[in-house]
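Here's the structure, in structure tokens; my notes come after.
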Amino acid sequence: MKRKQILSIIVFYAIAILLRFLAVKTNLFHFTDNEFIQILLRGIGPATGAFVSIALFNIPVKLSLKGNYRNLFLPLLIFWIFPVILIGTVSYIQHEEFPFLLLFTVLVYGLLEEIGWRGFLQEQLKNLSKLQSIIIIAVLWFVWHLNFEFTTSNMIFLGILFLGTWGIGKVYSSTYSLLAVAGFHSLNNFFRNGLHETELVLIGILLIIWIGFMVLYKRKLNTHSQTSELTND
């Protein structure tokens with residue numbers, strides 16, 4: 001890796017850690033009682049660090065909400081609007097409440113993180129082997145949460161972050177869509193009170209639909225590309 005890349009990662013991570021610390025370990029950000037704003041403040045570090053590093057080091061990173069999709073509406077519909085409607089409807093049936101604002105807040109929180117972890121950091125580490133990149137991102141991601149208790153749940157969480165780094169990383173490298181990776185990132189955060197049978201079913205439904213959509217869309221693009229090549233020939 002070049003010295004410029006290393007320095008940009010250091011600056012990115014220093015800002016991400018600092019803002020996370022201020023949000024969860026101090027009262028500095030407790031200027032509002034709004035639950036949704038407080039949630040977002042806990043996740044602004046990776047995005048802020050990414051934007052500062054990109055500007056400071058003039059890094060040619062292309063952050064895109066739509067990614068490889070032809071328009072913004074398609075990933076917004078599949079990865080954001082659909083899960084909000086699905087989870088919100090189930091919540092309304094079970095608890096007679098539709099947590100619309102909370103669900104979108106969770107998605108925006110995931111977006112703030114993914115701008116840093118995938119949009120910036122994964123791109124900066126792309127010259128390393130996939131295993132090296134996954135290890136670095138997963139460890140930095142784990143440390144960023146500032147929870148260092150050596151407990152079984154924390155070790156399981158670390159394992160989940162390794163799987164998440166691999167899985168969400170593949171989604172990003174396939175779509176380059178920040179909306180898509182924010183959706184995948186938010187799967188666990190949607191269910192803050194634990195994963196029960198209903199929650200696991202909802203996660204399964206979303207994963208099947210999302211992965212199926214990505215595969216079919218990629219095939220469509222490949223078919224269109226091949227047709228264009230034959231037409232040009």
Side-chain angles (χ1 to χ4, degrees), residues 20 23-24 32-47 64-69 71-119 141 144-145 147 153 156-157 159-172 174-218:
R20 178 70 175 184
V24 302
T32 176
D33 293 328
N34 188 291
E35 175 190 5
F36 308 112
I37 294 177
Q38 288 185 355
I39 290 173
L40 295 180
L41 287 173
R42 292 197 290 269
I44 62 172
S64 174
L65 292 175
K66 72 181 185 68
N68 292 338
Y69 299 107
N71 57 67
L72 186 64
F73 177 72
L74 198 55
L76 182 64
L77 173 65
I78 298 298
F79 298 107
W80 284 49
I81 297 176
F82 174 69
V84 167
I85 293 175
L86 176 64
I87 298 171
T89 301
V90 172
S91 176
Y92 183 79
I93 293 172
Q94 291 183 331
H95 309 292
E96 296 187 352
E97 61 177 2
F98 194 109
F100 175 85
L101 188 54
L102 175 60
L103 293 172
F104 263 101
T105 300
V106 169
L107 284 163
V108 175
Y109 176 92
L111 176 63
L112 291 172
E113 279 203 49
E114 288 307 316
I115 288 172
W117 305 128
R118 249 55 63 181
W141 195 4
W144 176 80
H145 285 86
N147 188 355
S153 61
I156 293 174
F157 180 58
I160 291 173
L161 291 185
F162 270 98
L163 288 174
T165 300
W166 170 77
I168 301 175
K170 288 185 72 67
V171 172
Y172 184 74
S174 298
T175 67
Y176 291 99
S177 168
L178 291 172
L179 289 177
V181 292
F184 277 88
H185 179 118
S186 301
L187 276 180
N188 182 57
N189 294 339
F190 279 139
F191 309 105
R192 302 170 66 189
N193 297 321
L195 296 177
H196 306 291
E197 183 178 347
T198 301
E199 287 78 10
L200 290 172
V201 169
L202 290 174
I203 289 175
I205 291 172
L206 288 171
L207 284 175
I208 290 171
I209 291 175
W210 285 352
I211 294 173
F213 167 75
M214 289 168 55
V215 171
L216 291 175
Y217 190 85
K218 188 172 183 179

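For this chain, numbers begin at 1 and follow the sequence in order. Computed from a predicted structure; not experimentally measured.
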- Side-chain touch Leu74/Tyr217, heavy atoms, less than 4.5 angstrom: yes
- Closest contact, heavy atoms only, Arg42 versus Ala23: CA-CB, 3.9 Å
- Message: Please give me the minimum heavy-atom distance between Leu187 and Ile203, naming the atom from each residue.
- Response: O-CD1, 4.1 Å
- Tyr109 to Ile39 - nearest heavy-atom pair and separation: CD1-O, 3.1 Å
- Query: Is there a donor-acceptor pair under 3.5 Å between the side chain of Trp80 and the backbone N or O of Leu179?
  - Reply: yes
- Message: So, taking the atom named CD1 in Ile44 and the one named CG in Leu40, what distance separates them when rounded to the nearest 0.5 Å?
- Response: 9.0 Å
- Could you tell me which non-hydrogen atom of Trp144 sits nearest to which non-hydrogen atom of Pro46, and how far apart they are? CZ2-CD, 3.7 Å
- For Phe190 and Ile87 the tightest heavy-atom approach is CD1-CD1, 3.5 Å
- When the ring planes of Phe79 and Phe184 are compared, do they come out parallel, tilted or perpendicular, using 30° and 60° as the limits? tilted
- Note on the structure: Taken to the nearest 0.5 Å, the spacing of His185 NE2 from Leu178 CG works out to 12.5 Å
- Query: Hey, is CD on Glu96 packed in by over 12 heavy atoms from elsewhere, all under 6.0 Å?
  - Reply: no
- To the nearest 0.5 Å, what is the distance between CG (Asn189) and OG1 (Thr105)? 12.0 Å
- Task: Spell out, as yes or no, whether a donor-acceptor pair under 3.5 Å connects the side chain of Gln38 to the backbone of Glu35.
- Result: no
- Query: Taking atom CG of Asn71 as the centre, does the number of heavy atoms from other residues, nucleotides or ligands within less than 6.0 Å exceed 12?
  - Reply: yes
- Message: Under 6.0 Å from the ring centre and within 45 degrees of the ring axis: does the NZ or CZ of Arg118 meet both conditions for the six-membered ring of Trp141?
- Response: yes
- Message: Please report the interatomic distance OG(Ser91) to CZ(Phe191), rounded to the nearest 0.5 Å.
- Response: 9.5 Å
- Query: With side chains defined as the heavy atoms from C-beta onward, is the minimum distance between Phe82 and Leu77 less than 4.5 Å?
  - Reply: no
- Not counting sequence neighbours, which residues clear ring-ring contact (aromatic ring centres under 6.0 Å, His included) with Phe104? List them please. Phe100
- Under 3.5 Å: donor-acceptor pair, side chain of Ser64, backbone of Ser177: no
- Item | Closest non-hydrogen atom pair between Ser186 and Leu107, with its separation | OG-CA, 3.6 Å
- Verify the neighbour count for atom CD of Glu197: are there more than 12 heavy atoms of other residues, nucleotides or ligands below 6.0 Å? no
- Query: Less than 4.5 Å apart, any side-chain heavy atom of Asn188 and any of Ile160?
  - Reply: no
- To the nearest 0.5 Å, atom OH of Tyr69 lies from atom CG of Leu76 at 12.5 Å
- Note on the structure: One should read off an interatomic distance between Leu101 CG and Asn34 CG, to the nearest 0.5 angstrom, of 7.5 Å
